[in-house]
Amino acid sequence: MKGLLSCPYPGTRNNYLFGPPSNCKGLSVYGKISRKPLKKIFVVFCVLGILLNLVLTSLWGETSNDSPQLEPIIVTASRIPTIGKDLPLGCQVITREYIEKHNPSNLVDLMRQIPGIHIVQEGGGRGGPASVYLRGGDPNFTLVMIDGIRVNDPTNPRGGSFDFSILPLDLIDRIEVIPAPLSAIYGSDALSGVINIFTKSGAHFPRHSVVTSLGSKKFYTISANTSGRSSTWVIYSITACREDDGMTVEGNEFKGNTLAPKFDITIDELTDLSLMGWFHKSKKNTFPDDSGGPKYSVIRQTEEFNIDEYSLGFQLISTPTDSFELRVKGGYHDKHEKRNSPGVAPGIRDPLGIPANVSMNEYHTYSIEINAAASPNRKVDTNFGMSVLEEKGLCYSSMDSPSIIRAGKFNLNRSLYSIFGELKFKARSGLALFAGARIDFPENFGTKVNPSIGINYRFNPTDTTIRATWGKGYKLPSFFALGNPIVGNPSLIPEKSKGFSIGFNQPFLSDRVKWSVNVFYNKYFDIIDFDTGPPPQLVNRDEVTAKGFESSLVMPITNDLSVHAHITYVNTDLANSNQELRHRPEWSGGMNIIWNALKELRFTLNILYIGKVYDSSIPTDDVELEPYSRVDATITWELSKYLSLGLGVDNLFNTRYEEVVGFPALGIRPRLWMRSEF
C-alpha cells in the first residue's frame with residue numbers, strides 16, 4: 001500500500017497540506033484490527049453486570065446516599081491540593097452529577113458548554129478528530145491527561161494534539177480545565193493550559209450500572225460499570241463502553257470499544273496505592289482534512305483510521321505525619337494508528353492536490369515522578385519533586401505519486417528530566433499567594449526554566465474573590481515536525497508562551513447565584529509554521545496574541561428552575577499579517593436550563609452560539625463560515641431509585657451549519673436511553 005500522510009499542522013498559519021512519504025512494508029501487524037473477541041467480551045461483561053446488579057439488590061436492598069459534597073478539591077492546577085475558589089486560576093470543573101443532569105450524547109457536546117473552549121468536530125461526526133482551541137491557542141498547545149497520564153501524540157501531523165472524539169462519556173467521572181500557561185507545573189506541552197480527565201472511581205459499597213442509548217441513523221451506545229469493595233483494603237471500579245456513532249454525516253463513521261479499570265488499595269494506615277488504566281480500540285472513517293468534505297470533495301472515497309491505544313498508571317501516597325506527604329506517580333502510554341487516505345484532488349488552493357497515501361504511527365511514553373509535600377504551619381504549604389519522561393515515536397508512510405519521494409520514515413527518541421517546586425502562603429486576612437517554578441532538561445534543547453505566580457484574595461463581608469496569575473509555557477517540537485522526511489526540520493526550537501489572567505467570583509443570595517469573570521492575555525512565540533520553500537519545510541517564525549474574556553452566571557429562577565449562562569470573547573492576532581486564524585470564533589456562548597417539573601421528571605435545554613469562523617480547503621481556498629445557534633433538549637424520567645429513562649433530541653431545530661468547510665454538521669437526531677443503577 002502506498003500513500004502520503006497529509007494533514008494541516010496546527011501551527012501552520014496558511015494551512016497548506018503536506019505529508020511525509022514513508023515505507024510501509026513489513027508492517028502487517030498494524031493492519032486491520034479484529035474486533036470480534038472484544039465484542040464478545042463487552043456483551044458478556046454487560047450481561048454479567050445486569051445479573052450481578054439483580055443479585056446485589058436482593059442481598060443489600062437500598063444503599064445509603066453519598067455523604068454531602070463539599071467544595072471540590074482541584075488537583076490539576078497545583079500539586080498542592082486546593083479548593084477551586086482559593087486558586088488564582090479561573091478553573092472549570094465538570095462533575096459526573098452535571099453530566100447525568102444534562103445527558104449530552106458525547107464528550108464533544110459536553111465540552112462545548114465550557115467557557116473559554118471552542119471544540120471543533122472535524123468531519124461533522126466522530127469519524128473525524130475533535131480538536132480543542134483553549135482561549136484561542138492551537139489544539140496542540142493544550143496538555144491532555146487521563147487520570148494524570150499524558151495522552152498527547154507527537155507523531156501525528158497536528159503537532160501533538162489529542163482527539164477528544166474517541167473517549168466515551170460514560171467513562172468519565174470528572175473533567176478539570178485549567179486555562180493558563182502551566183509549564184511551571186507540567187513542563188512541555190502546557191502552552192495554553194491543561195485538561196485532565198478522570199475516569200470513574202470505586203465506591204465503598206456495591207454500586208453497579210448499565211446504560212444503553214439508541215438513536216436515529218444507527219446511533220447506539222452501551223456501557224456498564226461495577227464498583228465496590230472487594231476486601232477491607234481494596235476498592236475497585238471497572239467500566240466498559242461500546243459505541244457506534246452511526247451515519248451522522250455522509251462518509252463519517254465511528255465505532256469504538258473502551259475498558260477502564262481502577263483500584264484503590266489501602267496498604268496500611270499511612271499508605272495508599274492507586275492503580276488505573278484505560279484501553280481503547282476504534283475504527284473511524286471520514287473525508288480527508290482540507291478535502292472540502294461531502295460538499296466539495298471530488299474524490300468520493302473516505303479516509304480510514306484504525307486506532308489501538310492504552311494507558312497504565314499508579315500513584316503511591318504515604319503520609320507519615322499530618323504535615324508531610326510523599327507521592328510517587330508513574331505512567332505508561334502506548335498508541336498505534338494506521339491511516340489510509342484516498343488523497344485530495346487538485347483545487348483552487350493547491351493545483352497539485354494530495355496523492356493517495358497510507359501511514360502507520362507508533363508512540364510510546366513512560367514517566368515517573370516523585371514529590372514531597374510539607375506544611376510547616378497552617379499558613380505555608382510547599383511541594384518539591386523531580387520527574388523523568390521518556391518518549392519514543394515512529395512513523396512509516398508512503399504515497400502513490402511518481403513526482404514526489406515515494407517512501408520515508410522517522411524513528412525518534414527523547415528524554416526529559418525535571419525538578420520543580422511550589423509554595424503557597426495563606427494569611428488570615430483572606431489573602432493567598434502562590435509561586436512555582438520548574439527546570440526542565442530536555443534532550444538536545446538546553447535547559448528550560450518556567451515560573452508562575454498567583455494571588456487570590458477573598459473579601460469576607462461580601463465573599464468576593466479576586467484572583468490574578470502570570471506564567472510561562474513551552475512546547476518541544478513534535479516528532480512529526482522534527483523527523484518528517486518532506487517538511488521536517490531537525491533545527492526547530494521549542495515554541496514558547498507567556499500570559500496572565502485577572503478574574504473574580506461573586507456569589508449572591510447565600511451562594512445560590514454565582515457570577516464569575518476572567519480576563520486573559522496570552523502571547524505565543526516561535527510558533528512552528530509551514531514555509532512553501534523551495535524546499536517546503538516547517539520553520540519557527542510566527543508570533544500570535546490571544547486576548548479576551550469569559551464570563552459565566554449560575555442563577556436559580558425558582559427552587560425547580562435554574563439557568564447557567566456563559567459567554568466568551570477571544571481576539572487572536574498573527575503578528576505582521578492580516579490573515580485570520582482558522583477555527584477561532586471571536587464570540588461564543590451558551591445557556592443551560594434545568595427544570596425539575598416533578599420530583600421524578602426533569603427537562604434540560606442546552607443552547608449554543610458560535611460566531612463567524614474562518615476556514616480553508618483545497619477546493620474552496622479561504623472562506624468565512626456563518627454564525628449559528630444550536631439547541632439540544634432532554635427529558636429524564638426517574639422511575640425509581642434504580643431506573644431512569646430519557647429522551648434527547650440533538651440539534652432540536654435542525655439548524656444547518658458547518659464547523660469545517662464542506663462538512664455539514666449533525667442534523668436533528670432523536671435518541672433514547674435507559675440507566676439502571678443498583
Side-chain angles (χ1 to χ4, degrees), residues 1 3-8 15 17 19 32-33 35 105-106 108-109 119-131 156-158 163-166 215-221 243-256 281-307 337-350 353-359 399-400 582-583 613 615-620 623 625 628 630 650-651 654-669 671:
M1 247 178 166
L4 171 71
L5 178 60
S6 60
C7 182
N15 293 284
L17 286 172
K32 188 173 182 180
I33 300 171
R35 287 172 169 72
S105 61
N106 53 57
V108 173
D109 286 345
I119 185 165
V120 177
Q121 180 62 82
E122 300 182 38
R126 294 176 67 183
S131 303
N156 68 38
R158 300 172 184 277
D163 179 7
F164 286 85
S165 68
I166 68 170
S216 62
K217 302 178 182 178
K218 299 182 180 180
F219 166 88
Y220 82 87
T221 68
E243 302 179 287
D244 188 333
D245 202 43
M247 291 292 293
T248 53
V249 176
E250 180 187 348
N252 195 286
E253 295 181 84
F254 171 84
K255 296 179 181 180
K281 285 181 179 286
S282 61
K283 180 179 178 181
K284 306 173 66 164
N285 289 78
T286 189
F287 284 94
D289 286 322
D290 277 16
S291 66
K295 190 173 181 179
Y296 300 111
S297 182
V298 175
I299 300 173
R300 305 310 294 178
Q301 295 172 293
T302 58
E303 187 173 69
E304 179 178 299
F305 294 84
N306 284 282
I307 300 170
E337 179 179 284
K338 178 182 177 181
R339 171 180 171 275
N340 193 341
S341 175
V344 181
I348 297 174
R349 201 186 70 192
D350 188 340
I354 305 296
N357 59 87
V358 68
S359 66
M399 62 182 167
D400 189 9
R582 296 171 67 176
H583 303 310
V613 174
D615 199 6
S616 181
S617 74
I618 289 178
T620 64
V623 298
L625 302 179
Y628 66 88
R630 169 177 158 173
D650 301 324
N651 196 2
N654 201 22
T655 303
R656 303 294 184 180
Y657 64 94
E658 293 178 4
E659 289 185 79
V660 180
V661 60
F663 289 87
L666 170 75
I668 186 171
R669 180 173 67 184
R671 52 191 173 88

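The figures that follow rest on heavy atoms only: side chains count, while hydrogens, waters and symmetry mates do not.
- Ala130 approaches Val108 most closely through the heavy-atom pair CB-CG2, 3.6 Å.
- Asp163 and Ser165 make their closest contact through OD1-OG, 2.6 Å (heavy atoms, listed as atom of the first residue, atom of the second, distance).
- Panel note: side chain Asn285, backbone Thr302; no donor-acceptor pair is recorded below 3.5 Å.
- Using a 4.5 Å heavy-atom threshold, the side chains of Asp290 and Arg349 count as touching.
- Nearest approach of Gly662 to Pro664, heavy atoms of both residues: O-CD, 3.4 Å.
- The CG atom of Asn306 sits 6.5 Å away from the NZ atom of Lys283 when rounded to the nearest 0.5 Å.
- Here the straight-line distance linking atom OG of Ser282 with atom CD of Glu253 works out to 12.5 Å at 0.5 Å rounding.
- Between Arg300 and Glu250 a salt bridge is recorded (basic side-chain N to carboxylate O distance below 4.0 Å).
- Residues Tyr628 and Glu659 have side chains in contact (heavy-atom distance under 4.5 Å, counting atoms from C-beta outward).
- With contacts defined as side-chain heavy-atom distances shorter than 4.5 Å, the pair Arg671/Ser216 does not qualify.
- Residues passing the side-chain contact (heavy atoms from CB on, under 4.5 Å) test with Tyr220, sequence neighbours excluded: Leu214, Arg242, Asp244.
- Asn156 is not listed as a side-chain neighbour of Arg339, based on a closest heavy-atom distance of 4.5 Å or more.
- Annotation: side chain of Tyr296 is in contact with side chain of Val661 (closest heavy-atom distance under 4.5 Å).
- Using a 4.5 Å heavy-atom threshold, the side chains of Arg630 and Asp650 count as touching.
- Between the side chain of Lys284 and the backbone N or O of Arg126 there is at least one donor-acceptor pair closer than 3.5 Å.
- The side-chain contact (heavy atoms from CB on, under 4.5 Å) check on Glu122 picks up Val120, Pro129, Ser131, Arg158, Asp289, Val660, with sequence neighbours excluded.
- Using a cutoff of 4.0 Å between basic side-chain nitrogens and carboxylate oxygens, Asp245 and Arg669 are scored as salt-bridged.
- Between Pro288 and Ser341 the shortest heavy-atom distance is CG-OG, 3.8 Å.
- Side-chain contact between Ser297 and Pro619: absent, with no pair of heavy atoms (C-beta onward) separated by less than 4.5 Å.
- Between the side chain of Asn654 and the main chain of Ile668, a donor-acceptor pair closer than 3.5 Å is present.
- Between Phe219 and Thr221, the shortest heavy-atom distance links the atoms CZ-CG2, 3.9 Å.
- Note that the CZ atom of Phe287 and the CD atom of Gln301 stand 9.5 Å from one another [nearest 0.5 Å].
- Between Val249 and Pro294, some side-chain heavy-atom pair lies under the 4.5 Å cut-off.
- Under the rule for a side-chain contact (heavy atoms from CB on, under 4.5 Å), the partners of Thr286 that lie at least two apart in sequence or sit in another chain are Asn252, Phe663.
- A donor-acceptor pair under 3.5 Å is formed between the side chain of Asn651 and the backbone N or O of Leu666.
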